[in-house]
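We number each residue from 1, following the sequence as shown.
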Amino acid sequence: MCVLRVRSNRDSFTTFLATTRLPVYQSHEKGDVKHIRKGTTYDDYGFSCSVSEREWIDASGQIEDAVHFLEVHSAELRSLTSEYQIDDIRLDFPFESRLSEQVVGQFDYLSPRLVRACAEYGIGIEISHYAPLQRKNCEPNAAPNAGLVTQLGNSGVTDGPPSVS
């Protein structure tokens, strides 16, 4: 489920989005409502694209799809990054953590092809590790790996899946 997120504080992407072949699933303009209940609005322009539909447990598959995405959409990405003042552009890889009492290290390899392709367009790479979803055979009230990721020093742990905004 890898996604590409693009943000700009100065440039609207409306013109680009009207003609792009990128698989955009969400976009917003500065001032659009972000959270109705909270009454907050976006303070930037942005959009998100679907890069991979692979499961969170398929890290290598997501990475493979991302390399393919960057190759297929190279002309559009080149146009995007040269014509717009982008403040943040990143690939976000949500990975299901494999950490447990028996597994105390998780290592996810990023191929040189991926790193090189991202560097060419100034795209950052974010790896979001999430606690495994409870499986049917797990204890119904047990929190899988409760606190283990935090204990290992990952201060970027969140309470839920990545935002689709």
Q) How close do Pro132 and Ser97 get, heavy atom to heavy atom, and via which atoms? A)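 Reported closest heavy-atom pair: CG-O, 3.3 Å.
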(Q) For Val67 versus Ser111, what's the shortest heavy-atom pair and its separation? (A)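 Result for this residue pair: CG2-OG, 4.2 Å.
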For [Y], does its backbone N or O pair with a side-chain atom of [X] as donor and acceptor, under 3.5 Å?
X	Y	result
Ser82	Arg78	yes
Glu96	Trp56	no
Tyr84	Phe16	yes
Glu126	Phe93	no
Asp87	Asn9	yes

pair [X]-[Y]: side-chain heavy atoms closer than 4.5 Å:
X	Y	answer
Ser52	Phe69	no
Thr41	Lys30	no
Met1	Ser50	no
Val24	Thr20	yes
Leu80	Ile89	yes
Ser60	Arg54	no
Asp58	Phe95	no
Leu70	Cys118	yes

Would you give the length of the straight line joining atom [atom1] of [X] to atom [atom2] of [Y], rounded to the nearest 0.5 angstrom?
X	Y	atom1	atom2	result
Ile125	Leu110	CD1	CG	5.0 Å
Glu53	Cys2	CD	SG	10.0 Å
Glu101	Leu99	CD	CG	12.0 Å
Tyr121	Leu4	OH	CG	11.5 Å
Ser27	Asp32	OG	CG	8.0 Å
Ser48	Arg90	OG	CZ	10.5 Å

Q | Set of side chain to side chain donor-acceptor pair (under 3.5 Å) partners for Asp108, sequence neighbours left out | A |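 Partners of Asp108 under the side chain to side chain donor-acceptor pair (under 3.5 Å) test: Arg98, Gln106, His129.
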Q: Please confirm whether Phe13 and Tyr45 have ring centers closer than 6.0 angstrom.
A: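 They do not qualify: ring centres at least 6.0 Å apart.
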Q. With hydrophobic residues grouped by side-chain heavy-atom distances under 4.5 Å, do Val115 and Val51 end up in a single group?
A.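 Same hydrophobic cluster.
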Q: Begin with the C-alpha distance, continue with both residues' side-chain angles, and end with the deciding distance and a verdict on side-chain contact (heavy atoms from CB on, under 4.5 Å) for Ile123 and Thr81.
A: CA-CA 9 Å; Ile123 298 173; Thr81 56; 5.6 Å; no
Q: Walk me through it: do Val6 and Ile86 pass the test side-chain contact (heavy atoms from CB on, under 4.5 Å)?
A: CA-CA 7 Å; Val6 182; Ile86 295 174; 4.1 Å; yes
Q: Mind running side-chain contact (heavy atoms from CB on, under 4.5 Å) on Phe47 and Leu17 for me, showing each step along the way?
A: CA-CA 9 Å; Phe47 67 92; Leu17 295 175; 3.8 Å; yes
Q: Please identify each residue that fulfils salt bridge (charged side-chain N to carboxylate O under 4.0 Å, His left out) with Glu29, with sequence neighbours left out.
A: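 By the salt bridge (charged side-chain N to carboxylate O under 4.0 Å, His left out) rule, Glu29 matches no residue at all.
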Q. Do you see a donor-acceptor pair shorter than 3.5 Å between the side chains of Arg10 and Gln85?
A.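 The criterion, which ignores hydrogens and geometry beyond distance, is satisfied for Gln85 and Arg10.
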(Q) Regarding His68 and Glu71, do their side chains bring together a donor and an acceptor under 3.5 Å, going by distance alone? (A)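 The criterion, which ignores hydrogens and geometry beyond distance, is not satisfied for Glu71 and His68.
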**Q.** Intermediate values then yes/no, side-chain contact (heavy atoms from CB on, under 4.5 Å), Ser8 and Asp44
**A.** CA-CA 6 Å; Ser8 173; Asp44 62 5; over 6 Å; no
**Q.** Arg113, CZ: over 12 other non-hydrogen atoms inside 6.0 angstrom
**A.**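 Not buried by this count: 12 neighbours or fewer within 6.0 Å.
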